[in-house]
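Below you'll find the structure, written out as structure tokens, and then a few comments.
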Amino acid sequence: MKKIIVIPARLSSTRLPNKVLLDLKGKTILQRVYEQCLKVKGVVVFIATDNLKVKKSCLKYTQNVIMTSVEHKSGTDRIAEAVKGLDFEALINVQADEPFISPLLIKDLFKELETEKVKVVTACEKLLTSEELFDPNVVKVVKDNENNALYFSRSCIPYIRDNSQLLINEKKFFESSPFYKHVGIYGYKKDFLKKYSTLDNSNLEKLEMLEQLRILESGFKIKVLDTKFKSFGIDDEDDYQIALKMVRDNN
């Protein structure tokens, strides 16, 4: 199976302007994402961007930069354009603001795509705090018994009808309750990515501002891999300061 990784990178972040080009101890956030991806053996890594400033920065460490339209509303839409001329069978979409992404998680996602019936795969990890559960910036996911996604939401799902146990002992509640947060990494087979590029933006996608809902609303399945590899996306200034400390501490 021919495998590639594509990192969609845009510069117009509202909460943290120009974040993919911010410095993390001598390297941009995007360069650190790219170098983490290079640790996956047998895979070619590309960066897809609509910004010449991003391209110029990337060319200092790789020639695998693909320019795309500025009209795309999601990373997957950008990837669908970028890979039209590439030879591959399976692709992993890695977010450009995850400088500590685990190469082992990427490897696990590729392994799932080797299964014939899996066309799309993503990841989740257990939610452990009320703060995350009710934070709209933390995307939640619920799964069926075969670990296919039922729904993704910025709201608390499933709804807690009786929260008495949560109020009594939060730690025990989350240890025994099936709450999961979505890890924003996706794997696709090439044939599905072609189908995705023909799908219109869905109503659920527009409401929640979550591109993966387009897939579910169109009737396709998304396999959800439960992982213990902790994700850390840089969304705002506080996250950036934490990332700086992590790099300084070699953590």
Side-chain angles (χ1 to χ4, degrees), residues 1-8 36-37 39-46 48 72-95 98 101-127 139-154 157-158 178-205 208 210-231:
M1 176 177 280
K2 294 183 179 179
K3 307 171 185 176
I4 63 172
I5 296 171
V6 181
I7 308 166
Q36 286 295 98
C37 293
K39 296 176 183 178
V40 184
K41 294 182 179 180
V43 176
V44 182
V45 184
F46 296 89
H72 297 306
K73 301 298 183 183
S74 73
T76 306
D77 290 317
R78 189 175 310 287
I79 285 175
E81 179 195 348
V83 302
K84 284 182 179 179
L86 299 181
D87 181 22
F88 70 97
E89 296 169 87
L91 175 153
I92 302 296
N93 171 355
V94 175
Q95 304 299 311
E98 293 246 3
I101 188 71
S102 169
L104 294 177
L105 172 57
I106 298 172
K107 184 179 178 181
D108 287 344
L109 292 172
F110 272 126
K111 187 174 181 180
E112 288 291 330
L113 289 172
E114 291 175 2
T115 305
E116 184 178 353
K117 66 179 182 179
V118 176
K119 303 294 184 181
V120 188
V121 63
T122 188
C124 72
E125 58 185 66
K126 285 208 75 174
L127 268 169
V139 178
K140 276 68 68 173
V141 58
V142 287
K143 307 178 290 180
D144 65 19
N145 291 333
E146 295 184 351
N147 289 316
N148 293 309
L150 292 170
Y151 194 67
F152 297 86
S153 181
R154 297 183 182 279
I157 52 172
F179 289 93
Y180 297 95
K181 68 176 177 179
H182 180 223
V183 178
I185 184 171
Y186 302 93
Y188 305 100
K189 287 208 174 114
K190 186 174 185 177
D191 58 348
F192 175 81
L193 202 55
K194 289 180 179 178
K195 291 178 183 176
Y196 181 92
S197 65
T198 67
L199 301 177
D200 293 329
N201 290 7
S202 73
N203 293 324
L204 295 175
E205 176 187 13
E208 295 259 19
L210 298 174
E211 62 179 295
Q212 61 270 39
L213 291 176
R214 187 189 314 181
I215 299 172
L216 294 185
E217 197 168 359
S218 297
F220 298 100
K221 291 183 180 295
I222 301 176
K223 186 68 175 291
V224 183
L225 183 66
D226 195 354
T227 180
K228 294 183 179 179
F229 295 113
K230 295 296 180 183
S231 63

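The shortest heavy-atom contact between Ala123 and Val224 is C-CG1, 4.1 Å. Closest of all the heavy-atom pairs between Phe152 and Ile157 is C-CD1, 4.1 Å. Between Lys140 and Arg154, the shortest heavy-atom distance links the atoms NZ-O, 3.0 Å. Closest approach of Leu150 and Leu216 over heavy atoms only: O-CD1, 3.8 Å. Summarising the geometry of Asn147 relative to Lys143, their closest heavy-atom pair is OD1-NZ, 3.4 Å, with the distance given to 0.1 Å. Residues Ala48 and Ala82 come closest through the heavy atom pair CB-CB, 3.8 Å.
Interatomic distance, OH of Tyr151 versus CD1 of Ile222, reported as 12.0 Å (0.5 Å rounding). Distance check: Leu193 CG to Lys84 NZ gives 10.5 Å after rounding to the nearest 0.5 Å. To the nearest 0.5 Å, atom CD of residue Glu211 and atom CD of residue Glu205 are 7.0 Å apart. Between the CG atom in Leu109 and the CG atom in Leu104 there is a gap of 11.0 Å [rounded to 0.5 Å]. Considering OH of Tyr196 and CG of Asp77, their distance stands at 4.5 Å, rounded to 0.5 Å. We find the CD1-OH distance between Ile79 and Tyr186 to be 10.5 Å, quoted to the nearest 0.5 Å.
Salt bridge annotation for Glu125-Lys181: present, with a cationic side-chain nitrogen under 4.0 angstrom from a carboxylate oxygen.
In this structure, Glu208 contributes its side chain and Leu213 its backbone to no donor-acceptor pair below 3.5 Å. Without hydrogens or angle criteria, Ser102 side chain to Leu105 main chain gives a donor-acceptor distance under 3.5 Å. In this structure, Ser218 contributes its side chain and Phe220 its backbone to no donor-acceptor pair below 3.5 Å. With Lys189 contributing its side chain and Glu116 its backbone, the two residues share a donor-acceptor pair below 3.5 Å. No side-chain donor-acceptor contact under 3.5 Å links Thr227 to the backbone of Cys124. A donor-acceptor pair under 3.5 Å is formed between the side chain of Gln36 and the backbone N or O of Ile101. Between the side chain of Glu112 and the backbone N or O of Val121 there is no donor-acceptor pair closer than 3.5 Å.
Counting non-hydrogen atoms of neighbouring residues, nucleotides and ligands closer than 6.0 angstrom, the NZ atom of Lys111 reaches no more than 12 such neighbours. Within a 6.0 Å sphere centred on NZ of Lys107, other residues, nucleotides and ligands contribute 12 heavy atoms or fewer. By the neighbour-count criterion of 12 heavy atoms within 6.0 Å, atom NZ of Lys221 is sparsely surrounded, having that number or fewer from other residues, nucleotides or ligands.
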* Stepwise side-chain contact (heavy atoms from CB on, under 4.5 Å) test for Glu89 and Lys190 -> CA-CA 5 Å; Glu89 296 169 87; Lys190 186 174 185 177; 5.6 Å; no
* To do: Determine, stepwise, if the pair Val139 / Gln212 fulfils side-chain contact (heavy atoms from CB on, under 4.5 Å).
  => CA-CA 11 Å; Val139 178; Gln212 61 270 39; 4.0 Å; yes
* Go through Ile4 and Leu91 one step at a time and tell me if the side-chain contact (heavy atoms from CB on, under 4.5 Å) criterion holds. => CA-CA 5 Å; Ile4 63 172; Leu91 175 153; 3.7 Å; yes
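For the pair His72 and Pro8, the minimum side-chain heavy-atom distance is 4.5 Å or more. Counting heavy atoms from C-beta outward, Tyr188 and Ile215 have side chains that approach closer than 4.5 Å. Considering only heavy atoms from C-beta on, Cys37 stays 4.5 Å or farther from Val43 through its side chain. Using a 4.5 Å heavy-atom cutoff, the side chains of Ile185 and Gln95 are not in contact. Leu113 has its side chain within reach of Ile92: a pair of non-hydrogen atoms, C-beta onward, lies under 4.5 Å apart.
The cationic group of Lys119 does not satisfy the cation-pi geometry with Phe192, failing either the under 6.0 Å distance to the six-membered ring centre or the 45° limit from the ring axis.
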